[in-house]
*Asks:* 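Have a look at this one.
A, B, ... follow the sequence lines: proteins, then strands. Residue 1 opens every chain.
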Protein chains: 2
Amino acid sequence: MNDVAAAAGVALKTVSRVVNSEPGVNAVTASRVQAAIERLGYRRNDSARILRRGRTASIGLVIEDVADAFHSSLIRAVEDAALHHGCLLFTGSSREDAARERDLVLAFCARRVDGLIIVPAGSDHGYLAPEFEAGIKAVFADRPPGAGCEADTVLCDNAGGARTGTAHLIAHGHRRIAFLGGSPRIFTAAERLRGYRQALAAAGLPYDEGLVVMGAPDPPRVGADLTRLLTAPDPPTALLAGNGRTTVEILRALASLTGSSDAGAAGGLALVGFDDFELADLLGVTVVAQDPARLGRTAADLLFMRLSGDEEPTSRIELATRLVPRGSGERPPLSLRDRTAS
Amino acid sequence: MNDVAAAAGVALKTVSRVVNSEPGVNAVTASRVQAAIERLGYRRNDSARILRRGRTASIGLVIEDVADAFHSSLIRAVEDAALHHGCLLFTGSSREDAARERDLVLAFCARRVDGLIIVPAGSDHGYLAPEFEAGIKAVFADRPPGAGCEADTVLCDNAGGARTGTAHLIAHGHRRIAFLGGSPRIFTAAERLRGYRQALAAAGLPYDEGLVVMGAPDPPRVGADLTRLLTAPDPPTALLAGNGRTTVEILRALASLTGSSDAGAAGGLALVGFDDFELADLLGVTVVAQDPARLGRTAADLLFMRLSGDEEPTSRIELATRLVPRGSGERPPLSLRDRTAS
DNA sequence: CTGAAAGCGCTAACAC
DNA sequence: GTGTTAGCGCTTTCAG
């Protein structure tokens, strides 16, 4: 900037004015400065600007895994909002590792991001206390912060969605509905289990622990669980999958169990998946759809409200889910004999 | 830092030493400083650090769309590499918009990122010249930079992959193979068309323009194109899809044309898709698989080599593709009559 | 082993 | 309209 000033024969401050298109610069002077800028290939150093101004015009986003469709839709929405507010975006995946989440968040804070959007992996956010003290704004998305951490939160209505999905199967005549969910330590998984139980209770159906399996959705485990469920006495006639990955692994397992490639219809079992996925339409899989883009947009809106000075008490928003019937969830119950015969 | 120094009764520099765990500080003094740090909730301001040191320990990544599986796998790989090098990651999607690409890149440069990884949307990268002058390192991924821009580039072997896919169909007896690709202005689409033509030529088959359709993979267009192809006299017996989105839209269109939900087998047409996708296994779709994670890893490795002082001439790497047979690409040709009868 | 001074590149506040 | 001065919070350099 000094060089530009010298080259244009003006003071440093005038260059600064031109660079930031501040008003009150003579048009002739401005164009002379502009020429010097171009000649020297000058670009403002935002690091210095940030240091001086105290605001970085950047936000940090920590999600669970970029490569997951749910999270990448969320990012996309946040990205658009950030762009709209002239903000740059730091991103990082926690990979369901609380330490990695914390390291990322603290690294973002050290960079003095204006705000954070966090899909938490951990359940203790005490490490954020000094940051909040220092005035950082954070919004939690998809999962709430750990106890004792007060911050805006945007969630999906996990329990409600699971209740709807389960009720849908019950309405189609099912009485023995299995639930295959994620690890019960994950907030969303626990909530969905809760919704499943509520729906059973509301219909006066018993809760059978033998029909519930919770764990990470890795292929061999899902396959084994499914086989066990289906070969037990009095097997389920319907399945509620607790998350997208599990739905897909159930489809794979069913396809290999029945040898049919028409996975959607495999075994005549009814199936409702939690979370929509690409090609669910083609496969005819009924799902309880979340809206990750809306989740991201809402979280970003909340954050930018805070950044523009909003001091309301923190809010907790629950986004509705939507049941999308596509065939697999509307099949009537078949006895094991019917199924093997088909 | 000043406050910490005062609280600990030491000089500012000593605090700096402790914060950066520099050697040569008395253990007792260090612990006194550490206590003050904790008491005051002090966190180093990396903006100032960056300004002083000149290196930001951050890189910028511009891709086409985070919400696309190919790109999100690429991000994931870059993210891991960045973490490994203690680097933070700015990300942004260009959405296939050259102006947005440029704005993002320049914003990253203004933040003085140490390096850039770019999946270019535009074909003119002249705007980078002053940045290169200033010493920034950039690696292009998936598509090469515009003419006149010298930089490391990592690509998939698009032509080779399309050649392999086409040859595979030819080897299974097909003589009339349609190619449905992306907009011909996109590098990868043009390369894949080239590979398709090479394979035809190598087999002594004619190139029939009536069998080639290039354009954005939006659902109605793909459906219309497909209908036109299949109802023309002497229709194709096989399809090569030029990209993942098109493959999926073809499956949807075929399913609605034939009314079958078993999309993989729809109409008895053979199908090979370029780029793998989730559930292709279940649907039995043969694809030419790329390796987006490897693409990202390679680009990041190249970038970090440059950042650590490597001054070799720029390289251009082509990553191999892999044909994954799953059924749809191994079907023999059927006449139209056979197909309607089945 | 510790400290003082200079300055990274910019903007805010105030003169002229 | 334009210029001057101070200082954002840190690291570098050099002196004790």
*Asks:* So, does T29(B) get its side chain near the phosphate of dC1(C), meaning an N or O under 4.0 Å from OP1 or OP2?
*Replies:*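 No, outside the criterion.
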*Asks:* Ignoring hydrogens and angles, state whether a donor on the side chain of R44(A) or N20(A) is under 3.5 Å from an acceptor on the partner side chain.
*Replies:*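 Their side chains do contain a donor-acceptor pair, which is all the 3.5 Å distance test asks for.
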*Asks:* In terms of side-chain heavy atoms, does E150(A) have a donor or acceptor partner in T314(A) at a distance below 3.5 Å?
*Replies:*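 A donor-acceptor contact under 3.5 Å links the two side chains.
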*Asks:* About how many Å separate CG of L83(A) and CZ of R95(B), when rounded to the nearest 0.5 Å?
*Replies:*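 Here the rounded value is 9.0 Å.
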*Asks:* Round to a whole Å and report the spacing from CZ of R55(A) to P of dG9(D).
*Replies:*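 R55(A) atom CZ is separated from dG9(D) atom P by 16 Å.
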*Asks:* Side-chain N or O of T14(B) less than 4.0 angstrom from OP1 or OP2 on dT2(C)?
*Replies:*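 Answer is no, no contact under 4.0 Å.
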*Asks:* Does the side chain of E79(A) pick up a donor-acceptor pair with the side chain of S93(B) at under 3.5 Å?
*Replies:*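 Judged by distance alone, the side chains do pair up.
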*Asks:* Between protein and nucleotides 7-16 of chain C, map the contacts as a letter string: B base, S sugar-phosphate only, - none, heavy atoms under 4.0 Å, written 5' to 3'.
*Replies:* BBBBBBB---
*Asks:* Without hydrogens or angle criteria, can the side chains of T56(A) and D114(A) be said to hold a donor-acceptor pair below 3.5 Å?
*Replies:*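 The criterion, which ignores hydrogens and geometry beyond distance, is satisfied for D114(A) and T56(A).
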